Amino acid sequence: MLPHFHNTLTRQTEPLKLLDPEQKKVRLYTCGPTVYDHAHIGNFRAYLFEDLLQRHLEACGYDVERIMNLTDVDDKTIRGAHAKGITLDAYTRPYKDAFFADCAALRLRPAKAYPEATDPKNIERMIAMIATLIERQHAYQAEDGSVYFRITSFADYGKLAHVDLEAQRPSGRVQSDEYEKEQIADFALWKAWSPEDGDVRWESPWGAGRPGWHIECSAMATRLLGDQIDIHCGGIDNIFPHHEAEIAQCECVTGNSFVRLWMHCAHLMVDGSKMSKSAGNFYTARTLMERGWSGREIRYTLLTVHYRIPLNFTMEGLESSRQALVRIDAWRERLEEFAIADASIKLPEKLGSITLEDFSKALDDDLNISAALAVLFEVIRESNRLLDTAAMTPQEAAATLAWWHRVNSVLALEPEAAQEIPSEVLELLAVRKIARAQQQWAESDRLRDEIAAMGWQIKDTKGEQKVMKK
Ligand code: AMP
Ligand code: ZN
């Protein structure tokens, strides 16, 4: 059965229809951070929902090509660089580095590429797209020198956000990248240089200036993934105007439908309001880590509420994540101690009333994480009960452990020290640990060689297996 996801465009939950179903290839574009400051955990809620999507699709055998952009030129980055009296690059560089460090701490799978808006190849593509839009009468240069997209030239404008242009008279133009849904206006593609921009300027056929935020994403998405892509994600605040504008720009340039499936996550909230920099009600991952919360505790907290339901952030929420992880760790360790190596490991068909495929099926249903976790905790409860009553065989324990490793390739909730090691290696290490406890030395050596073939070297010290990259 194909996975089903909710499409913002149609407001329906639909089977995943790929452009290239034979190859199971998924072209996925995810809007990345504006690097004017540290990303807050509201931003990371969006990135974690995208991570869950990617990991689940990969666990189902899809080949996911994900691109995440870095917005490194916009009003906020320019203002920040100006206030500090440094170049735009010097200003944004530390925030880019911090972003990647936070991604690693929260265990986000790396994207295939992180294109930067200021990369000359991207600027060139933006300028080419704007030129085509002007040529085809979809854009015009106004008396202020800036170039605007003419929204009345695109009949489908409003199809994503479901706004009716006929009913709502367009209200002139906006230069700002972020404006309200009620304000249906021609948006800036190219912003003419002004003295506040300092040395942040590129030459173009319309004079010196810089790109608008929306054209940045359209250019980077189509340059790296092609004119048509399978899935485009972001937070719901991106739907309008940002993603609406992306559709208008791309479809007017390429003549093709831009995105098949639009997925948006609901906000991370604090006391009923969206967590945001401007409201001042935000936490960054690093602040929470300085207060003693681990990356995986933050990950669990942000990941485990369905992506389309607003999530209220509280310290109690972090505390219950900590408890849940303690429970998972204790269960896993218990299985590890009891399990026996068996070359013909087979997953038990059923554990209690649960089939072990249920985890994956739950995520196939629009990433229903609550149902997926219910499967995990039912397996934990049931296997603990079987262990308590001596009703589980060591082979079944090993099979349950193998199942956990598969589940964990999607959840990425292993204890901190084990985090860098791929799940297939962890799985073999767990089997080898058991083999050694049973003094099956030939099996232990065979597994060491198998692990070595995956690029990891084992050192056996004081009954512990230490593993490091070769
Ligand atoms: P920005 O850096 O503001 O462009 O945001 C980067 C990403 O984070 C976008 O996909 C936003 O939709 C998303 N985002 C921003 N604030 C929140 C929030 N409080 N909850 C969930 N996602 C958010
Ligand atoms: Zn974007």
Side-chain angles (χ1 to χ4, degrees), residues 31-40 43 69-99 115-131 133-134 139-151 171-220 237-238 240-242 244-246 249 276-280 282 284:
C31 285
T34 307
V35 282
Y36 72 107
D37 201 343
H38 295 296
H40 58 70
N43 303 127
N69 72 292
L70 303 178
T71 302
D72 59 355
V73 54
D74 79 324
D75 297 346
K76 287 182 275 198
T77 44
I78 292 176
R79 219 180 296 133
H82 192 72
K84 283 200 162 171
I86 54 179
T87 64
L88 189 62
D89 182 53
Y91 182 73
T92 57
R93 187 62 47 199
Y95 295 121
K96 290 177 187 172
D97 295 344
F99 172 68
E116 303 182 346
T118 55
D119 180 333
K121 291 194 284 297
N122 292 327
I123 297 278
E124 194 185 314
R125 166 103 191 146
M126 293 169 212
I127 291 177
M129 285 181 84
I130 299 170
L133 290 171
I134 294 180
Y140 58 92
Q141 186 167 27
E143 39 318 325
D144 64 0
S146 295
V147 178
Y148 292 89
F149 186 91
R150 181 182 284 120
I151 56 170
S171 60
R173 302 179 195 125
V174 284
Q175 251 239 351
S176 160
D177 290 325
E178 290 171 88
Y179 51 93
E180 297 303 314
K181 185 166 163 178
E182 287 64 42
Q183 203 181 346
I184 314 277
D186 288 357
F187 55 86
L189 295 165
W190 187 260
K191 301 185 184 197
W193 181 84
S194 69
E196 305 87 76
D197 294 343
D199 61 358
V200 180
R201 54 188 282 165
W202 288 268
E203 294 310 319
S204 83
W206 320 285
R210 60 186 167 98
W213 173 37
H214 314 311
I215 196 74
E216 294 180 7
C217 275
S218 285
M220 290 186 267
D237 56 325
N238 282 161
F240 194 92
H242 185 49
E244 195 70 62
E246 276 193 51
Q249 297 161 152
S276 70
K277 279 276 150 61
S278 51
F282 65 92
T284 61

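Worth saying up front: this structure is predicted, and the values here are computed from it rather than measured.
When side chains are defined from C-beta on, Q141 does not count as touching I134, because their heavy atoms never get closer than 4.5 Å. Residues F282 and H38 fail the side-chain proximity criterion, which asks for heavy atoms closer than 4.5 Å. In this structure the side chain of W206 never reaches within 4.5 angstrom of the side chain of L189, judged on heavy atoms. Using a 4.5 Å heavy-atom cutoff, the side chains of E116 and K96 are in contact. Annotation: side chain of H82 is not in contact with side chain of E196 (no heavy-atom distance under 4.5 Å). With a 4.5 Å cut-off on side-chain heavy atoms, F240 and I184 count as touching. Using a 4.5 Å cut-off on side-chain heavy atoms (C-beta onward), W190 and I127 make contact. You'll find the side chain of L70 reaches within 4.5 Å of the side chain of P33, heavy atoms only.
What you find for F99 and A39 is that their closest heavy atoms are CD1-CB, 4.4 Å. Annotation for G145 and A192: closest pair C-CB, 3.6 Å, computed over non-hydrogen atoms. The two residues G198 and W193 make their nearest non-hydrogen contact at O-NE1, 2.7 Å. When all heavy atoms are compared, the tightest approach of A139 to V147 is CB-CG1, 4.2 Å. V73 and A117 make their closest contact through CG1-CB, 4.1 Å (heavy atoms, listed as atom of the first residue, atom of the second, distance). What you find for S218 and Q249 is that their closest heavy atoms are OG-NE2, 2.7 Å.
Partner of R210 under the salt bridge (Lys or Arg N to Asp or Glu O under 4.0 Å) criterion, chosen from D199, D75, D177: D75.
From E124, atom CD reaches atom CH2 of W202 across 14.0 Å, with rounding to the nearest 0.5 Å. To the nearest 0.5 Å, the span separating OG on S146 from NZ on K191 amounts to 8.0 Å. Once rounded to the nearest 0.5 Å, the distance linking CD of E246 with CD of E216 reads 10.5 Å. Taking CE from M126 and CD1 from I130, the interatomic distance works out to 8.5 Å, rounded to the nearest 0.5 Å. Rounding to the nearest 0.5 Å places CD of E244 at 12.5 Å from CG of N238. If you take CD1 on I215 and CG on N122, they are separated by 11.5 Å, rounding to the nearest 0.5 Å.
Side chain of N69 to main chain of P115: no donor-acceptor pair is present (N/O by atom type, distance under 3.5 Å, no hydrogens or angles). Under a 3.5 Å cut-off, the side chain of D74 and the backbone N or O of W213 do not form any donor-acceptor pair. Using modelled atom types, no side-chain atom of T77 and backbone atom of Y36 make a donor-acceptor pair closer than 3.5 Å.
Using the six-membered ring where Trp is involved, H242 and H214 have ring planes that are tilted, between 30° and 60° apart.
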Legend entry - Residue pair Y95, D72: steps toward the side chain to side chain contact (heavy atoms under 4.5 Å, CB included) verdict: CA-CA 10 Å; Y95 295 121; D72 59 355; over 6 Å; no

